[in-house]
Each structure stands twice: as structure tokens, then as C-alpha cells.
Amino acid sequence: MRHPDIRMFALPIMTVFAICIIYSIAALAQPKLVPFSNHPKEVHAVVPSATAQPAAVATPTAAAPAGPSITLIAQNILFDKSTLTAKAGPLTIILENKDNGTPHNLQVFQGKDPTGKSMGLTDIAAGPVTQTLSLNLTAGTYYYHCDVHPTTMTGILTVT
């Protein structure tokens, strides 16, 4: 009994292999939502929703800050402060990302957790970089976190 020539199978196998590679490259190029925990808001950390409308816009550091300012440092995948206080009215939060090559941002929510209304956010940017977030807040409690690291980089802002 004669064995079939391996060359007879080479072209179909190579074709399937090439299609798999092309499909894999195309699939990997698409952004994916990656949950960081079981909290549904944390899925939005990687790819922001097209319908999300931030209440504030990140402004370049050269712009004059609105009202008093607070500096928050992101380093070693942590914020340097887990509590902040401010007076009601205009406020600028300066985010200094000191983690070289690590992306961070700042998002502020009304209330004590990320289920509240988003009051504003900065872009996700790899450090080192400095960004500002201008807000106009009423008295109350506000939760803040990094959308990329929402379980380790969190805090509470109390506005009086």
C-alpha cells in the first residue's frame, strides 16, 4: 500500500493556517472590554462608551486652573491620597501620573461609589504626564478612581 504524498495536503493546510492568522490579527486589532471585577461600571475603564458624556473636560496644565486646586499623584499604581477635601464651587484637580509607561486617569462620581453620576474625567494617558480636571461641585461626597485600576486607585472627596 502506497502512502499519499504529503505535498497533496500542504496547500490546504497552509491555506487554513493563513486564514487563521489573518483572522487572529484582525480580532486582536479590535478593542475589547475587559472587566476588572464584577462591578459593571468598571468594564467601561478600557473602552469608554460612545454615549458617555463627561461633565468636565480635561484641560492642559498650561490653562489657568478654575478655583482652588488639589494635586493628586498616581505612583506605583496607587493615588497618594485616599481622601480629599474642598470647598463647594470651582475646583481643579491636578493629576500627576508618575508611573513611567503606565496609563492612569481620574474620574469623579457623585456619591460614595462609582454608581453615581460622573462629574468629569481625564483622558487615560501613560506616565509620566500631568493632567487637570476642572469641576464645579456642590457640597457633598464624591468618589474618585482611576478607570484603568478601579480597585486599587480610589478615594473620597468631601466638599463642604
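What's counted below: heavy atoms across the whole structure, side chains too, no hydrogens, waters or symmetry copies.
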Atom of H149, atom of P103 and distance for their closest heavy-atom approach: CE1-O, 3.3 Å

Passing candidate, side chain to side chain contact (heavy atoms under 4.5 Å, CB included) with M153, options V148, I77, L72: I77

Reported OG1-to-CD distance for the pair T130 and E96, which is rounded to 0.5 angstrom: 4.5 Å

A88 to A139 - nearest heavy-atom pair and separation: CB-N, 3.9 Å

V108 vs L135 side-chain heavy atoms within contact, under 4.5 Å: yes

Spacing of I93 atom CD1 and T132 atom OG1 [to the nearest 0.5 Å]: 10.5 Å

Residues D80, Q75; criterion side-chain contact (heavy atoms from CB on, under 4.5 Å); working and verdict: CA-CA 7 Å; D80 69 326; Q75 190 168 26; over 6 Å; no

Min side-chain heavy-atom separation V159-Y142 under 4.5 Å: yes

Approximate separation, where rounding is to 0.5 Å, of K87 NZ and T160 OG1: 4.5 Å

Heavy-atom donor-acceptor pair, D113 side chain to T115 backbone, under 3.5 Å: yes

Shortest non-hydrogen contact between M119 and Q110, atoms and distance: CG-N, 3.8 Å

Closest contact, heavy atoms only, P68 versus P90: CD-O, 3.3 Å

Results of side chain to side chain donor-acceptor pair (under 3.5 Å) for N105 - residues two or more places apart only: D147

For Q131, the option from T122, N97, D123 that meets side chain to side chain donor-acceptor pair (under 3.5 Å): T122

Side-chain heavy atoms of L157 within contact of L91, under 4.5 Å: yes

Rounded distance [0.5 Å steps], SG in C146 versus CG in L95: 8.0 Å

Donor + acceptor pair across side chains of S118, Q107 (<3.5 Å): yes

Joint cluster assignment, I73 & L78, ILVMFWY side-chain distance < 4.5 Å: no

Closest approach of K81 to T71 (non-hydrogen atoms, all atoms of both residues): NZ-O, 2.6 Å

Parallel, tilted or perpendicular, as decided by the 30° and 60° cut-offs, for the rings of F109 and Y143: tilted

Beyond-backbone contact of H145 with T151, side-chain heavy atoms, under 4.5 angstrom: no

With Y144 via ring-ring contact (aromatic ring centres under 6.0 Å, His included) - residues at least two apart: F79

Distance-minimising heavy-atom pair for I70 and A86: CD1-CB, 4.0 Å

Contact check, side chains of P128 and K98, non-hydrogen atoms, under 4.5 Å: no

